[in-house]
Amino acid sequence: MAEGANRTTGSHLTLSIWHPDCWTLEVTEHANGGLFGHGVYPVGGKVKGRFTVYADSDESLEALTAAIEESRHTDTVWRLDESYDFGSRLPTPGNATQSVVVEYDEGTSINDALVSNGFIPDKAVWIHDGREYWTVVIDEDREQIKARLEDVRETMDAEIDIQHIVSDNRESGGVLRQDILSERQRDVFELARERGYYEWPREVSATDLAEELGVSKATVLEHLRKAESRLFAALP
């Protein structure tokens, strides 16, 4: 770290988001596939974003890509030649993929509302079943996080749920210190993290975790919900 630089602590969040007039949400709501968003860039009142479209079959992939092209909220769609992919493409859940660059109205993108409130994207955005899943980092305390999320909600008329949150505050013992979670909550939460439950896309389901722990799926979900609520409340 450079001399004189300020050391800050922050948080990593996974957000589940819905907002109106969004082509990514509309085309994936009932699709047999989804999207990964790799970044959007403003260009004269519009934005251009690169996306990976994925599906389980070529037919489903073509249907989803065509829906993007036909959406009333997209202006242009450029299908990239996959032969020029130099191995940088992320693993996807589907068997068929297509990279596209999409131009659309800047006002329908939630990216600027998040970034301007300090939520910095940390991974590709996963979009499926009519929801966007953002992994972001922010160097604010709990009250500021709540206030800034509320500003995004109001600005974009958005529904935003916090699915996962981890604090970088190591000096206070981290988010899994003994006095925050019960022993059982901590065990379930740690197992979920280790098995990839909080990765996007998920590497394990709540049913899988329940089978490994020898409990019901409902019990696992209850432990995780309580753990996540306590962890968020414990942020500085």
Side-chain angles (χ1 to χ4, degrees), residues 1 4-26 36-42 45 47 49 73 104-182 185-186 189 192-193 197-200 202 221-236:
M1 179 178 293
N6 293 324
R7 182 183 296 275
T8 61
T9 60
S11 298
H12 298 250
L13 296 86
T14 299
L15 307 174
S16 171
I17 298 176
W18 178 91
H19 56 106
D21 300 324
C22 177
W23 67 266
T24 66
L25 303 181
E26 290 184 359
F36 282 96
H38 305 288
V40 295
Y41 307 93
V47 292
H73 296 302
Y104 53 104
D105 208 26
E106 188 174 18
T108 64
S109 171
I110 202 169
N111 182 78
D112 185 61
L114 288 167
V115 172
S116 63
N117 274 283
F119 297 101
I120 308 303
D122 191 42
K123 294 182 180 180
V125 180
W126 188 29
I127 308 111
H128 70 104
D129 296 331
R131 301 285 292 193
E132 294 181 350
Y133 297 91
W134 292 70
T135 299
V136 297
V137 294
I138 184 171
D139 60 347
E140 297 290 351
D141 62 23
R142 177 185 55 168
E143 294 306 317
Q144 278 296 314
I145 290 173
K146 286 183 175 180
R148 288 170 184 256
L149 281 177
E150 191 57 35
D151 185 72
V152 178
R153 290 185 180 103
E154 292 181 1
T155 299
M156 299 298 299
D157 192 23
E159 298 174 4
I160 303 178
D161 298 323
I162 299 173
Q163 294 210 322
H164 180 45
I165 185 165
V166 175
S167 172
D168 286 334
N169 185 10
R170 303 294 187 248
E171 294 180 0
S172 65
V175 295
L176 296 181
R177 66 179 192 263
Q178 298 290 328
D179 59 336
I180 295 178
L181 304 181
S182 70
Q185 287 168 354
R186 188 168 58 252
F189 184 74
R193 292 178 65 190
Y197 180 79
Y198 290 110
E199 295 298 321
W200 297 105
R202 278 183 175 151
L221 292 174
E222 181 181 7
H223 283 313
L224 290 178
R225 280 194 291 267
K226 288 182 177 179
E228 290 161 6
S229 177
R230 291 188 180 187
L231 291 174
F232 184 62
L235 286 176

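From a predicted model like this one, the values you see are computed outputs, not experimental measurements.
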So how far is it from [X] [atom1] to [Y] [atom2], rounded to the nearest 0.5 Å?
| X | Y | atom1 | atom2 | result |
| --- | --- | --- | --- | --- |
| Asp161 | Thr14 | CG | OG1 | 12.0 Å |
| Ser182 | His223 | OG | NE2 | 7.0 Å |
| Asp139 | Ile145 | CG | CD1 | 9.5 Å |
| Ile127 | Asp129 | CD1 | CG | 12.0 Å |
| Cys22 | Glu132 | SG | CD | 4.5 Å |
| Ile138 | His12 | CD1 | NE2 | 12.0 Å |

| query | Taking C-beta and beyond as the side chain, do Ser116 and Val152 meet within less than 4.5 Å on heavy atoms? | reply | no
| message | Just so I know, are the side chains of Ile162 and Leu149 near enough to count as touching, which here means a heavy-atom distance under 4.5 Å? | response |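 Yes; the side chains approach each other to less than 4.5 Å.
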Looking at every non-hydrogen atom in both residues, tell me the closest pair between [X] and [Y] and how far apart they are.
| X | Y | answer |
| --- | --- | --- |
| Pro42 | Val47 | CA-CG1, 4.0 Å |
| Ile165 | Ser11 | CG1-CB, 4.4 Å |
| His128 | Tyr133 | NE2-CE1, 3.2 Å |
| Gly118 | Arg148 | N-NH1, 4.0 Å |

| Trp126 vs Phe36 aromatic rings, parallel, tilted or perpendicular, using cut-offs 30° and 60°? | parallel
| task | Could you tell me if the ring centre of Phe119 sits under 6.0 Å from that of Trp134? | result | no
Donor-acceptor contacts, no H, no angles, side chain residues 106-113, under 3.5 Å, sequence neighbours left out:
{"residue": "Thr108", "atom": "OG1", "partner": "Asp105", "partner atom": "O", "Å": "2.8"}
{"residue": "Ser109", "atom": "OG", "partner": "Asn111", "partner atom": "N", "Å": "3.2"}

| said: Before you tell me yes or no, could you show the steps for Val125 and Ile17 under side-chain contact (heavy atoms from CB on, under 4.5 Å), namely the whole-Å CA-CA distance, both residues' side-chain angles and the distance that decides it to 0.1 Å? | reply: CA-CA 11 Å; Val125 180; Ile17 298 176; over 6 Å; no
| query | Residues in side chain to side chain donor-acceptor pair (under 3.5 Å) with Ser16, at least two apart? | reply | Arg131
| Charged N to carboxylate O below 4.0 Å: is that the case for Glu150 and Arg153? | yes
